[in-house]
Amino acid sequence: MINEQIRDREVRVIGEDGQQLGIMSAREAMKLAQEAELDLVKIAPTAKPPVCKIIDYGKYRYELARKEKEARKKQKVVELKEVRLTPNIDSNDLNTKINAAKKFISKGNKVKVTLRFRGREMAHMQASKHILDDIAKDLEDVAVVEKAPKVEGRSISMVLTEKK
């Protein structure tokens, strides 16, 4: 809230250079702000009494937006990468897929390992579950299993995340 929007009876006022001006009525605080040709901005509305500061509102909004933008820059968005396999995968191909998963995990992403079945392969789903166990064992130094292997229609999938 700024200027006339502040309806509180008493407010704690902080001057433009950061010094405490004390507790006063909202009208007196507005007069001080108008004399300084600045705005009265409510900074801490939940405090008793609410804290208001005499500042340039446009500059204040700009600073808030800049801080928010900096905070967004520092955030890391975790993506879910997928590695797809078939039950009759060769050991060299499996090693290639494991290396790809390692690379994804080292970049901070989660990896979903999916073992897909087609046609008659569906009859031997449980016999092929050992492939996912081998992958989890090979990656246990860099990753932990976040979601255990689970049958989902024509595939079995598990999710791995970076070890903390």
Side-chain angles (χ1 to χ4, degrees), residues 1-85 96-116 129 132-164:
M1 289 189 190
I2 60 167
N3 298 334
E4 287 80 26
Q5 295 174 346
I6 299 171
R7 297 266 181 239
D8 298 298
R9 190 174 297 135
E10 286 186 327
V11 292
R12 181 180 303 274
V13 182
I14 299 172
E16 55 193 299
D17 50 344
Q19 87 274 13
Q20 293 271 343
L21 299 179
I23 297 172
M24 59 182 76
S25 72
R27 284 195 185 122
E28 289 176 47
M30 266 302 302
K31 284 179 188 171
L32 286 173
Q34 285 172 347
E35 287 170 12
E37 294 182 2
L38 294 170
D39 300 305
L40 184 68
V41 180
K42 192 188 281 191
I43 293 178
T46 56
K48 299 278 187 235
V51 179
C52 294
K53 193 170 184 181
I54 298 174
I55 47 175
D56 181 7
Y57 184 65
K59 192 174 181 181
Y60 173 71
R61 285 204 29 220
Y62 171 75
E63 289 294 323
L64 282 180
R66 207 179 88 222
K67 284 179 188 173
E68 195 176 294
K69 189 177 178 184
E70 284 293 319
R72 273 199 309 261
K73 261 188 201 174
K74 292 175 185 164
Q75 281 182 345
K76 170 75 174 98
V77 177
V78 177
E79 288 184 50
L80 182 66
K81 301 283 189 174
E82 186 174 23
V83 175
R84 289 183 179 170
L85 313 165
T96 304
K97 297 286 188 175
I98 289 171
N99 289 335
K102 254 185 204 170
K103 189 170 74 175
F104 292 146
I105 289 169
S106 67
K107 287 183 179 175
N109 295 315
K110 293 181 179 185
V111 176
K112 181 178 183 180
V113 182
T114 306
L115 189 58
R116 296 176 67 195
K129 208 169 188 175
L132 291 176
D133 297 334
D134 292 344
I135 291 172
K137 194 175 76 180
D138 287 345
L139 293 173
E140 69 186 355
D141 57 323
V142 292
V144 292
V145 177
E146 182 183 272
K147 201 169 119 190
K150 182 181 169 192
V151 177
E152 298 171 350
R154 293 187 154 269
S155 63
I156 301 176
S157 60
M158 71 175 176
V159 178
L160 301 169
T161 54
E162 191 175 15
K163 211 175 211 179
K164 299 277 189 258

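Keep in mind it's a predicted model, so treat the numbers as computed, not measured.
The shortest heavy-atom contact between Val41 and Tyr57 is CG2-CD1, 3.6 Å. Considering all non-hydrogen atoms of both residues, Val11 and Pro49 come closest at CA-CB, 4.3 Å. Among all heavy-atom pairs drawn from Ala33 and Asp39, the shortest one is CB-C, 4.0 Å.
If you take CZ on Arg66 and CG on Leu64, they are separated by 10.5 Å, rounding to the nearest 0.5 Å. Atom CD1 of Ile135 sits about 5.5 Å away from atom CE of Met158, to the nearest 0.5 Å. Taking CG from Leu40 and CD1 from Ile6, the interatomic distance works out to 4.0 Å, rounded to the nearest 0.5 Å. Distance check: Glu162 CD to Ser106 OG gives 8.0 Å after rounding to the nearest 0.5 Å. The structure places CG of Leu80 at 9.0 Å from CD of Glu146, a figure rounded to the nearest 0.5 Å. Rounded to the nearest 0.5 angstrom, Ile23 CD1 and Leu21 CG are separated by 12.0 Å.
Note on Glu68 versus Arg72: salt bridge recorded, some NZ/NE/NH1/NH2 to OD/OE distance being below 4.0 Å.
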Report the C-alpha separation of Lys102 and Val142 in whole Å, then their side-chain angles, then the decisive distance to 0.1 Å, and conclude whether the side-chain contact (heavy atoms from CB on, under 4.5 Å) test is met. CA-CA 7 Å; Lys102 254 185 204 170; Val142 292; 4.0 Å; yes
Report the C-alpha separation of Leu32 and Met24 in whole Å, then their side-chain angles, then the decisive distance to 0.1 Å, and conclude whether the side-chain contact (heavy atoms from CB on, under 4.5 Å) test is met. CA-CA 11 Å; Leu32 286 173; Met24 59 182 76; 3.6 Å; yes
Run the numbers on Glu35 and Lys31 for salt bridge (charged side-chain N to carboxylate O under 4.0 Å, His left out), then give the verdict. CA-CA 6 Å; Glu35 287 170 12; Lys31 284 179 188 171; over 6 Å; no
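Other residues, nucleotides and ligands contribute at most 12 non-hydrogen atoms within 6.0 Å of the CD atom of Glu37.
Remark: the backbone N or O of Glu140 is paired with a side-chain donor or acceptor of Lys163 at under 3.5 angstrom. Side chain of Asn109 to main chain of Lys81: no donor-acceptor pair is present (N/O by atom type, distance under 3.5 Å, no hydrogens or angles).
Scanning for side-chain hydrogen bond (donor to acceptor under 3.5 Å, both in side chains) contacts around Ser157 gives Glu152, with sequence neighbours left out. Contacts of Lys97 classified as side chain to side chain contact (heavy atoms under 4.5 Å, CB included), with partners at least two apart in sequence or in another chain: Val83, Leu85, Ile89.
The shortest side-chain heavy-atom distance between Ile55 and Leu38 does not fall under the 4.5 Å cut-off.
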